[in-house]
Amino acid sequence: MRDLILKAERGTTALATALACAMLVVAAGLGMWQIITRFILERPAEWTEVLIRFSLIWMVFLGIPMAFRMGAMVSVDVLYRWSGSRMRRFLDTMVAVAALALIAVIVVVGWQYAQRGSVQSVIGLENVSMFWAYLALPVGGLFSAVAIVGNWLDPQRLELENAQ
């Protein structure tokens, strides 16, 4: 069962990371397009600013699962370094529970915002609903929850190994 969960987690975290990278590419491309239209063509495209903001929001919430999986998000370094293996496992469990509680709040409140925002249109993109911007919270939260469980089952301390 553990191996099946970790395999699913690797897939979901890889997907979230790939989508986060794609959102960075979208933001950079739209930023270049905005520069070209504003300063070279002298006819600014207002819609690019809004889409850059949306893509950056999605990039952050889809990038968080990789940070959780690497053990780089929530850390209790000093206690972890001073404690034995049993205490470390207890700290891992407490951090995972606290992170899952926070993510649960983000998923629930994010979904509520998305539902409420579905009647709002985006300034500059009147045909697009704010639902799509707010949806980043619950989607990123669900990916993060899987990564937190994966890190609890198979802890990685990449930031701890690099810190001296």
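More than 12 heavy atoms of other residues, nucleotides or ligands lie within 6.0 Å of CD1 in I36, so this atom counts as buried by the packing criterion. A 6.0 Å sphere centred on CZ of R89 holds more than 12 heavy atoms belonging to other residues, nucleotides or ligands.
Taking 4.5 Å as the limit, every side-chain heavy atom of V50 sits out of range of all side-chain heavy atoms of I123. Looking at heavy atoms from C-beta onward, I103 lies in side-chain contact with F68 at the 4.5 angstrom threshold. Between N151 and Q156, some side-chain heavy-atom pair lies under the 4.5 Å cut-off. Between L135 and W58, some side-chain heavy-atom pair lies under the 4.5 Å cut-off. Counting heavy atoms from C-beta on, the side chains of M66 and T17 come closer than 4.5 Å.
For the residue pair A147 and P65, the shortest heavy atom distance occurs at CB-O, 3.3 Å. The minimum heavy-atom distance linking G117 with S129 is given by the pair O-OG, 3.3 Å. When all heavy atoms of G150 and L6 are compared, the pair lying nearest together is O-CD2, 3.6 Å. When all heavy atoms of A20 and G63 are compared, the pair lying nearest together is CB-N, 3.8 Å. In this structure, I148 and A99 approach most closely via the heavy-atom pair CD1-CB, 3.6 Å. For I106 against L137, the heavy-atom pair with the smallest separation is CG2-O, 3.8 Å.
Scored by the side chain to side chain contact (heavy atoms under 4.5 Å, CB included) test, S121 finds no partners at all (sequence neighbours excluded).
Between D154 and R69 a salt bridge is recorded (basic side-chain N to carboxylate O distance below 4.0 Å). Checked for salt-bridge contact, E49 and R53 meet the test: a charged N lies under 4.0 Å from a carboxylate O.
Of the options F61, F54, Y113, W111, a ring pair (Phe, Tyr, Trp, His ring centres under 6.0 Å) to Y134 is made by Y113 and by none of the others.
For S118 (side chain) and Q115 (main-chain N/O), a donor-acceptor pair under 3.5 Å exists by modelled atom type.
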